[in-house]
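All remarks here apply to the structure that follows.
Chain naming here is simple, since letters A, B, ... match the order of the sequence lines and numbering starts at 1 in each.
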Amino acid sequence: MKANSLVILDFETTGLSPDVGDRAIEIGAVRLVNGEVTERFQELMNPGQRVSGFIEDYTGISNDMLEDADSCEVVMDRFADFIADDNLIAHNASFDKRFLDAELNRIGRNYPGEFSCSLLLSRRIFQNSYNHKLGELVRFCNIESDGDFHRALYDSEMTAKVWMAMLESMGERYEIYDISFDLIKKLTKTPKNKVNKLLSSYNLSSEKP
DNA sequence: TGCCAGGCCCTCTTTAGGGCCTT
C-alpha cells in the first residue's frame, strides 16, 4: 500500500440498495497522494435495466446515455485495477461500500484496502455545519463549486476537497499534521463529545514537525 | 403488481423510535 495514497469514490446507482436489485450506473473517483489529486476515474456503465425517471432527473444520466456504455462487469473490472490496494473514502461510505462490494462480488474481485467515511468525520470535525450533506459541506468550507452535484466524478472531487479541508482544520485546531488513516478510523468511532479530548491528547503525545 | 435499505446517532434510550445521509 502506497503511503498517503487514498482513493475517494462515488457511485451513481439505480436506487438505494443492491439487496433489492439496484445496480451501479456510474463510478467516479480521484486518487489523492499526499493531498494532491494524481489520477481520476470516471465511467458510465450499463446496468442491464432501465433507470427510473427519478434517477434520470436526479443524476442527469439518461437511459440513452447508458445504452452504449460498457456493462457493469467490464467497468468494475477496470475500476478494481484502478483501486489497487489503496484505502478508500466515500461520503456516507456505508452506501458506496455496499455497491462496491456487490458489483465486485459479481465478477469475483475484491480489494484489500479499508473504507473510511467523510460523512462520519464531518459530523465530528465540522460540528457547526448546518447539516452534513456533501453540498452543504462544500458551502461550509467555501469550496468553489459550479453546483453540478450528483455526477460521480464531480462528487468524488468535492468529497476530496472537503476531506482535505477537514484535515487542514484538524491541523489548525490541534496542531496535528501527520494524520494517519488509523487516527481517522478511530475518530469516526469516537462520540462527538469526546473528539476534542481525543485530538488534544493525540496532539500532546505526538511529535510535531 | 407493488414494494423496496441500512448504518449512524440522538433522545422523552437500551424491552425504541425516528431523523440524517447516500441513489
Find the distance [X]:[atom1] to [N]:[atom2] and express it as a whole number of Å.
X      : N      : atom1 : atom2 : value
A:R98  : B:dT22 : CZ    : P     : 13 Å
A:L187 : B:dC9  : CG    : C1'   : 16 Å
A:K97  : B:dC8  : NZ    : P     : 11 Å
A:I89  : B:dT22 : CD1   : C1'   : 16 Å
A:L120 : B:dC21 : CG    : C1'   : 10 Å
A:F115 : B:dG6  : CZ    : C1'   : 15 Å
A:F54  : B:dT22 : CZ    : P     : 12 Å
A:K192 : B:dC21 : NZ    : P     : 10 Å

Where the side chain of A:E12 is concerned, which of B:dC10, B:dT23, B:dG6 is the nearest nucleotide?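 In terms of side-chain proximity for A:E12, the closest of B:dC10, B:dT23, B:dG6 is B:dT23.
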Measuring from the side chain of A:D10 (C-beta onward, heavy atoms only), which nucleotide among B:dT23, B:dA5, B:dC21 has the closest atom?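 Nearest to the side-chain atoms of A:D10, counting from C-beta on, is B:dT23.
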Heavy atoms under 4.0 Å, any strand shown: does [X] hit a base, just sugar-phosphate, or nothing?
X      : value
A:F11  : sugar-phosphate
A:D155 : sugar-phosphate
A:R124 : sugar-phosphate
A:D96  : nothing
A:T59  : sugar-phosphate
A:L134 : sugar-phosphate
A:D22  : nothing

Any side-chain donor near an acceptor of the partner, A:D86 and A:Y111, under 3.5 Å: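 Per modelled atom types, A:D86 and A:Y111 side chains form no pair under 3.5 Å.
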Residue pair A:D146 / A:Y154, side-chain donor-acceptor N/O under 3.5 Å: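 A:Y154 and A:D146 do have a side-chain donor-acceptor pair below 3.5 Å.
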How far apart are the C-alpha atoms of A:N196 and A:Y174, what are their side-chain angles, what is the distance that settles it, and do they pass the side chain to side chain donor-acceptor pair (under 3.5 Å) test? CA-CA 9 Å; A:N196 193 52; A:Y174 300 98; 2.8 Å; yes
Are A:R123 and A:L119 close enough that some pair of their side-chain heavy atoms sits under 4.5 Å apart?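 They are in contact (side-chain heavy atoms under 4.5 Å apart), so the answer is yes.
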Between A:R123 and A:D19, who's closer to the 5' end of DNA chain B by nearest nucleotide?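 By nearest-heavy-atom nucleotide position, the 5'-most residue is A:D19.
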Closest-nucleotide 5' rank along DNA chain B - winner of A:V20 and A:S94: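 On the 5' side of the pair lies A:V20.
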Can you tell me how far [atom1] in [N] sits from the matching atom in [M], rounded to whole Å?
N      : M      : atom1 : answer
B:dC3  : B:dG7  : P     : 24 Å
B:dG17 : B:dC12 : C1'   : 11 Å
B:dG19 : B:dT15 : C1'   : 22 Å
B:dC8  : B:dC4  : P     : 23 Å
B:dC10 : B:dT14 : C1'   : 13 Å
B:dT23 : B:dG18 : P     : 25 Å

Testing A:E43, A:E157, A:E26 for salt bridge (charged side-chain N to carboxylate O under 4.0 Å, His left out) with A:R151, which one passes?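 Passing option: A:E26.
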All pairs passing side-chain hydrogen bond (donor to acceptor under 3.5 Å, both in side chains) where residues 44-59 of chain A contributes a residue, at least two apart: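 Listed by first then second residue: A:E56-A:N63, A:Y58-A:H150.
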Presence of A:H132 side-chain N/O under 4.0 Å of B:dC21 phosphate oxygens OP1/OP2: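 Yes, because at least one side-chain N or O of A:H132 sits under 4.0 Å from OP1 or OP2 of B:dC21.
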B:dT23 phosphate, OP1 or OP2, under 4.0 Å from A:H150 side-chain N/O: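 Result: yes.
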Quick check against the 3.5 Å criterion: does A:E172 have a side-chain atom that pairs as donor or acceptor with the backbone of A:S169?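 No, A:E172 side chain to A:S169 backbone: no donor-acceptor pair under 3.5 Å.
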